[in-house]
There are 2 protein chains.
Amino acid sequence: MTTAGRPPTLEDVARAAGVSRATASRVIAGTGYASPAARGRVSAAADRLGYLPNLAARALVRGTGVRLVIVVSGTAVSVLDDPYVDRVVGAAARVCAPYGLGVALHWLPAGEPAGLRRLAEDRGVGGLMLVNTTEALLDAVPRELRGRVASIGIGSALVPSFDVDNGGGTAAVVRHLYRTGRRRIAMVTGPRWLSCSGRSVRAYRRVVRDAGLPVRLVPGDFTASSGRTAAREVLARWPDTDAIVGISDATALGVIDRLRGDGVQVPGDVAVTGFDDIPLAAVTTPALTTATHPVAEIATAAATAVLAGRPVPPTTVYPSRLVPRASG
Amino acid sequence: MTTAGRPPTLEDVARAAGVSRATASRVIAGTGYASPAARGRVSAAADRLGYLPNLAARALVRGTGVRLVIVVSGTAVSVLDDPYVDRVVGAAARVCAPYGLGVALHWLPAGEPAGLRRLAEDRGVGGLMLVNTTEALLDAVPRELRGRVASIGIGSALVPSFDVDNGGGTAAVVRHLYRTGRRRIAMVTGPRWLSCSGRSVRAYRRVVRDAGLPVRLVPGDFTASSGRTAAREVLARWPDTDAIVGISDATALGVIDRLRGDGVQVPGDVAVTGFDDIPLAAVTTPALTTATHPVAEIATAAATAVLAGRPVPPTTVYPSRLVPRASG
DNA sequence: ATGAAAGCGCTAACAC
DNA sequence: GTGTTAGCGCTTTCAT
């Protein structure tokens with residue numbers, strides 16, 4: 001039975017419950033003392049009136065901000081086009097909904113951490129999630145942000161990290177190729193300055209060297225088209241290559257596309273693996289052997305940490321799990 | 001040269017510019033009179049101080065809300081898992097950033113439009129974007145939302161529509177198949193109650209009938225696995241089928257997967273087409289013939305319409321463009 | 001064209 | 001435990 005006109009305010013609830021606004025506030029916000037009796041009357045009144053706290057008002061007085069900003073750093077604004085970013089944003093937006101918060105998406109030009117300052121000073125910013133970050137950027141995180149920032153990727157003393165065990169995943173993929181008989185395994189890498197790429201490359205090097213196999217690295221940038229280019233380069237430089245490890249699923253699909261176009265059988269002549277397990281990796285032909293990462297789970301955990309504001313461990317590592325399919 | 005401590009407020013700017021807070025407000029918000037001189041001094045002061053309006057405060061006094069809610073209706077919360085939803089959320093989050101707003105993501109159980117009421121009454125909600133909506137739901141949109149709501153899909157008198165010309169796209173795909181010699185073209189459909197699916201099916205029927213070809217419809221639900229199931233059903237019922245039109249790219253990839261698994265050549269024996277042009281349609285093997293839709297552009301336009309609050313045409317139709325690739 | 005003043009709805013000291 | 005009170009930072013009449 002809502003009163004027509006304006007939505008009910010805390011004042012209305014307090015009046016209906018026969019208590020002061022302060023008491024109503026304590027009950028609704030769940031902070032501070034209130035007798036069971038008052039508690040019950042206030043809750044009942046709130047329910048009956050269909051009361052919804054005005055979060056702008058709350059944010060104003062508490063200075064807590066009204067949005068969670070996802071900051072993706074990279075050399076070009078096109079880093080935001082990555083479907084991976086959309087998955088993170090989508091997951092965060094789901095977490096935010098019940099808190100009455102929203103998610104905004106910003107690109108931070110690599111090497112220009114000044115933007116972080118601006119965000120830290122913006123009173124509307126309730127928290128920050130860093131995606132694809134670098135050590136330089138982590139060093140530039142203003143101290144005021146402590147407890148309101150998390151990183152999907154590497155972290156720092158100030159910034160808790162929610163990360164995938166890229167090294168372990170890559171190692172599992174390479175070992176799988178070895179186990180299935182591949183002996184000349186090349187890798188298409190990502191930008192060297194990205195730590196996640198670095199860890200994958202190191203893991204590849206380690207496994208390959210331990211097995212006494214040759215190291216064959218070709219640069220890429222996570223895209224399908226870099227995979228296409230890299231595929232030719234690999235076979236031009238080392239024609240006897242029998243497996244190619246892509247740094248991402250898109251890269252791997254690019255590799256496969258070029259290989260088949262050039263008459264090379266996948267996985268017959270060359271096995272190809274990806275990394276990430278994007279939703280469609282399972283339905284491509286051949287289905288992609290890759291490593292799967294709980295992106296939504298990670299983003300959810302990071303967003304929850306930022307919103308809840310409770311202390312979190314400095315590093316939470318999520319497993320990267322091999323998904324053997326047809327391509328390698 | 002920011003003062004240490006708290007970020008500057010409008011009061012600080014006004015003082016620095018030697019005007020009253022009211023005048024500073026008029027200049028910053030761009031509303032109301034102000035002499036060029038005052039205008040200049042205020043802007044300069046704001047720049048110098050690195051002033052950022054506190055949007056919570058503004059939202060509080062104007063009652064404009066602090067977040068854009070994306071409402072996806074469907075029978076299960078899993079509708080939010082669709083990468084398509086993530087693309088919409090990502091695009092909206094980009095649009096919101098400069099406005100100081102955020103995006104939240106809600107699932108609305110099909111047939112329970114009461115949730116809309118609640119959202120409309122929540123003062124924190126600045127605007128609504130409906131995704132995957134139905135006529136029943138559009139009818140339930142509260143009048144107070146006028147001007148603050150848009151639909152990606154069908155619209156109503158109250159809700160402007162930003163939609164793809166599904167019919168045109170599907171017709172283009174089917175005609176393409178016809179042009180390339182296919183004469184027994186089946187279609188895997190989506191849920192009948194979704195208007196976008198309905199329009200595609202009608203377009204298929206029309207083109208096929210006009211060409212004097214048989215109508216072959218099999219139900220699906222947009223997923224890859226429904227494509228797998230449907231592929232077998234099609235060939236069981238009509239073994240001479242030489243083309244299958246998928247209602248989505250995922251469906252098409254499922255169809256292809258099953259077909260190849262069953263030893264059917266694609267596109268040799270059966271051409272397969274998708275719909276949507278997801279990022280990876282270009283790199284699968286065979287690359288997917290599909291119709292491409294400017295999802296990000298549509299979401300951007302819808303979000304902009306909601307945020308700007310300016311009147312928009314009741315319907316904006318975006319073209320669905322055939323992308324002929326290898327699969328059909 | 002500008003300033004003074006009154007709130008928007010809420011929380012948090014602080015007194016009772 | 002509960003009420004009183006003083007703002008949070010901004011916009012917006014209403015005088016001037």
Side-chain angles (χ1 to χ4, degrees), chain A residues 3 5-43 45-46 49-66 99-101 121-126 309, chain B residues 3 5-43 45-46 49-66 99-101 121-126 309:
Chain A
T3 316
R6 58 161 186 54
T9 74
L10 189 57
E11 180 77 49
D12 299 326
V13 174
R15 210 185 349 256
V19 301
S20 76
R21 206 170 62 225
T23 300
S25 170
R26 289 186 197 105
V27 174
I28 300 285
T31 158
Y33 298 102
S35 67
R39 216 168 268 286
R41 301 220 308 284
V42 170
S43 311
L49 264 43
Y51 171 71
L52 254 28
N54 181 326
L55 276 119
R58 180 179 289 176
L60 175 57
V61 61
R62 291 218 277 225
T64 101
V66 293
Y99 286 85
L101 296 188
E121 277 170 10
D122 185 332
R123 302 301 226 124
V125 174
Chain B
T3 315
R6 57 161 188 53
T9 74
L10 189 57
E11 181 76 50
D12 299 327
V13 174
R15 212 187 347 257
V19 300
S20 75
R21 204 167 67 225
T23 300
S25 171
R26 288 184 198 109
V27 174
I28 300 285
T31 158
Y33 297 103
S35 66
R39 216 167 270 286
R41 302 221 306 285
V42 170
S43 311
L49 264 43
Y51 171 70
L52 253 29
N54 180 326
L55 276 120
R58 179 178 290 176
L60 174 57
V61 61
R62 292 218 277 226
T64 73
V66 293
Y99 286 85
L101 296 188
E121 276 169 10
D122 185 333
R123 302 302 227 126
V125 174

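Labels below follow one simple rule: chain letters A, B, ... track the order of the sequence lines, proteins then strands, and each chain is numbered from 1.
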Next item on the list: Take atom CZ of A/Arg41 and atom P of D/dG1, then tell me their distance rounded to the nearest Å.
Entry: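 After rounding, the gap between these two atoms is 15 Å.
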
Next item on the list: Take the protein atom CG of A/Leu60 and the nucleotide atom C1' of D/dG7, then report the distance between them rounded to whole Å.
Entry: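 After rounding, the gap between these two atoms is 9 Å.
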
In chain order, what residues pass the side chain to side chain contact (heavy atoms under 4.5 Å, CB included) check against [X], with sequence neighbours excluded?
{"X": "B/Thr31", "result": "B/Ala29"}
{"X": "A/Leu10", "result": "A/Arg21, A/Ala24, A/Ser25, A/Ile28, A/Tyr51"}
{"X": "A/Ala17", "result": "A/Val19, A/Arg41, A/Val42, A/Ala45"}
{"X": "A/Thr9", "result": "A/Glu11, A/Asp12"}

Note to self: Students should find this one: the first and last nucleotides of DNA chain C, 5' to 3', lying under 4.0 Å from a heavy atom of chain B. What are they?
What the structure shows: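 Result: C/dA1 to C/dG9.
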
Next item on the list: To the nearest 0.5 angstrom, please state how far the CG atom of A/Leu55 sits from the CG atom of B/Leu60.
Entry: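 A/Leu55 atom CG to B/Leu60 atom CG measures 11.0 Å (nearest 0.5 Å).
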
Grab the two heavy atoms, one from [X] and one from [Y], that are nearest each other, plus how far apart they are.
{"X": "A/Ala59", "Y": "B/Ala56", "value": "CB-CB, 4.0 Å"}
{"X": "A/Thr64", "Y": "A/Arg58", "value": "CG2-O, 4.4 Å"}
{"X": "A/Ala34", "Y": "A/Val27", "value": "CB-CG2, 3.8 Å"}

Next item on the list: Let me know, please, whether A/Thr9 or B/Tyr33 comes out on the 5' side of the other along DNA chain C by nearest nucleotide.
Entry: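 On the 5' side of the pair lies B/Tyr33.
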
Check: Which residues pass the side chain to side chain donor-acceptor pair (under 3.5 Å) test with A/Ser20, sequence neighbours left out?
Finding: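 If we apply the side chain to side chain donor-acceptor pair (under 3.5 Å) test to A/Ser20, skipping adjacent residues, the hits are A/Thr23.
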
Check: For the helix from C/dA1-D/dT16 to C/dC16-D/dG1, what angle lies between the axis at the first five pairs and the axis at the last five pairs, to 10 degrees?
Finding: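 Angle reported: 30°, given to the nearest ten degrees.
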
Notebook entry, point to check: Is there a side-chain contact between A/Pro7 and A/Leu52, using heavy atoms and a 4.5 Å cut-off?
Noted result: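 No - every pair of side-chain heavy atoms lies 4.5 Å or more apart.
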
Check: If the sugar-phosphate is the primed atoms plus P, OP1 and OP2 and the base is the rest, what is the B/S/- string for nucleotides 11-16 of chain D, using protein heavy atoms under 4.0 Å?
Finding: BBB---

Check: When we call it a touch if two heavy atoms are under 4.0 Å apart, what does A/Ala59 touch: a base, just sugar-phosphate, or nothing?
Finding: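 Nothing, no nucleic acid heavy atom in range.
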
